[in-house]
Amino acid sequence: MRTSLIAGIFLSLSSFSVAQPQPQLNLMPMPANVQAGAGQLAINQSFSVAVAGNHDASLDSAIQRFVDQLSRQTGIPFRPKSGAAPTLQIHSDHGLQAVQKLGEDESYELTVADSGAKLTAPTTLGVLRGLATFLQLVQITPAEFAAPTVTVKDQPRFPWRGTLIDVSRHFIPIDVLKRNLDGMAAVKMNVLHWHLSDDQGFRVESKVFPKLTGMGSDGMFYTQDQIRDLIAYAHDRGIRVMPEFDIPGHSRSWFIGYPELSSGAGPYTLEGGGPGPYIDPIMDPTKESTYKFLEKFIAEMAKLFPDAYFHIGGDEVDGKQWDANPKIQAFIHAHGMKNNQDLQAYFNQRLEKIVAKNHKTMVGWDEIIHPDLPKTIVVQSWRGQASLAAAAKQGYRGLLSFGYYIDLMWPASRHYAVDPMADAAATLTPQEKSLILGGESCQWAEWVTPENIDSHIWPRNAVIAERLWSPQNVTDVASMYARMNTVSLELEFMGLTHRSARLHMLHRMAGPADITALRNLADVVEPVKDYNRWSDAKGPIDFHSPLTRMIDAVSPESDTARHFSDLVQAFVQSGYKDQAAEAQIRMWLTTWRDNDVRLQPLLGQTYLLQEDAPLSQDLSALGAAGLQALDYLDKGQTAPDSWKTQQSALIEQSKKPMADLLLMVVAPVQQLVDASSAQHN
Ligand code: ACM
């Protein structure tokens, strides 16, 4: 099933793609330098690995994980023959450092010949990256599993390639984070930005301030032992773990147990959250007791998290509590400050000194930029690429997250088009450009659970990983999608559940019934984009309510709709002559036209599917409209105006979100309808 779908995508893309396709090695991120040969290295039961040079326990466990994954991908239980030459020869000069540093050498060279492969790297970090490449090279062929002969010389474009995972809005257990770390390592990402506290929950055990989790969480948090375990797991995979404790805003959860930290009177409860007075309670930066608290808290957390970077948040500080508090207003005037921004800058300066005293570098969202802060801090840009350039112009190092918010449900191509060095950054001097460290995708957790978080992150995260690792000129979108689909399979073999969870969730909705027709519908819808799910919600959102609707099950991006749209483009560009494309278009349209009859009985039987009935009807009607349009085109007739008017009404109706879902085949069907009614004009 899966293989034939991918083959279909390759065929349809290659038949009309305009850009020169890059060599079709299924690598993501694409290495800096690749030279493909003509042969291949067979991967069979006698596969074996040998090590020369540096050799330690972390390298051994990396090799064991690699062999286990290769065995899962191929289904082959390896039984190396003693005395035989190794299939893969590894050489590195140095092991992993106890604490991985920003900018450490991740380079490697991998040569695959038909007689064997060789991987060399200055450090084990490079070996990890090279092993990830080798795993992606191995593909099924007509005769066997094999890696193509190739020479790869590779190193990252940016030293900071991260994923932010918010665990406050919905708690994400350690095992789920671990499988996501495996995914990150597979695409050579090297930072987990762990967003550990927010209004909806404080998620780290503090032994100094136990009420932070005792009262500021729903009982779901990580013990310090679990944190250390996760950091060790990430370290083994060459991934740094940077904690974020978001202050002075986004900090309601601190105030349940410690209301004296806040700028308002309290008391506070850990309510479900926004939209509404959601950002409101903020920390009081005018009290010395606030800094005494933060001194002790940061000292404790700085020991727990060994990474050199410490994120203090600083975003979306809603100043209403500061405005309403006469003591805070008096403090602002007494210190000659002009406004709340000055007060936040004062807070950040005090905070930076505490962070620095604990031998950490402060990182914050772009709101923290202020001339009074030292140039050592790092600014994370989320409100636009301009803020990244502005930070660099003022001498600050920066990270780009604007454009990489994977919770916004954008297609992979839109994230892929965002480059840290483009837009406002393109005009920076080389010196200023050197301050841009890379970027991070952001998975905010308002709408994810442990069940579906993988499908919100993967496989789209892989294309952001490529943007941050590969040369800037690796931009071919058709090639990106083809490679992303292959990586998606690799990730599922690794234990991620982005493909399988969708099926489980559809089965839950359907009960014991057959889900073929339900899948046909689920395959062509996408969740509403940006923050429209928030704005469509009536009233406050309860973060403990189930996320079991169709919108929670479907992929952020529909492969079927993209494929269908590509077919329609090919058909239109051929002047309606491409018969192979037309046959496939008809196949899809017929499936959709006939789907509603198959699906309606089920939709009425389960409460989780009732809201999807109008979508199913519209899909059927679109299928019929597309088929009629093709009939007119085939006969060389112009569709009558009355028909066109009817179809336009259907199309307009189908463009509106229903059940927070978008039918993604509307635009290509509209193209066919327009073509059939315009052809003789
Ligand atoms: C943010 O999205 N408020 C950093």
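Both ligands and their constituent atoms are indexed starting at 1 by order of listing. Values below: all heavy atoms of this structure, side chains included; hydrogens, waters and symmetry mates excluded.
Classification of the Trp365-Trp444 ring pair by plane angle, with boundaries at 30° and 60°, yields tilted. Using cut-offs of 30° and 60° for the angle between ring planes, the Trp254 and Phe293 rings count as tilted.
Close N/O approach between Asp315 and ligand 1 is found [any backbone or side-chain N/O within under 3.5 Å]. Considering backbone and side-chain N/O atoms, Trp365 never comes within less than 3.5 Å of an N/O atom of ligand 1.
Within the 4.5 Å cutoff, no side-chain heavy atoms of Arg240 are placed close to those of His235. Side-chain contact check for Phe221 versus Leu212: every heavy-atom pair is 4.5 Å or farther apart.
Per-residue contacts place Tyr405 under 4.0 angstrom from the following atoms of ligand 1 (heavy atoms of the residue considered): 1 (C), 2 (O), 4 (C).
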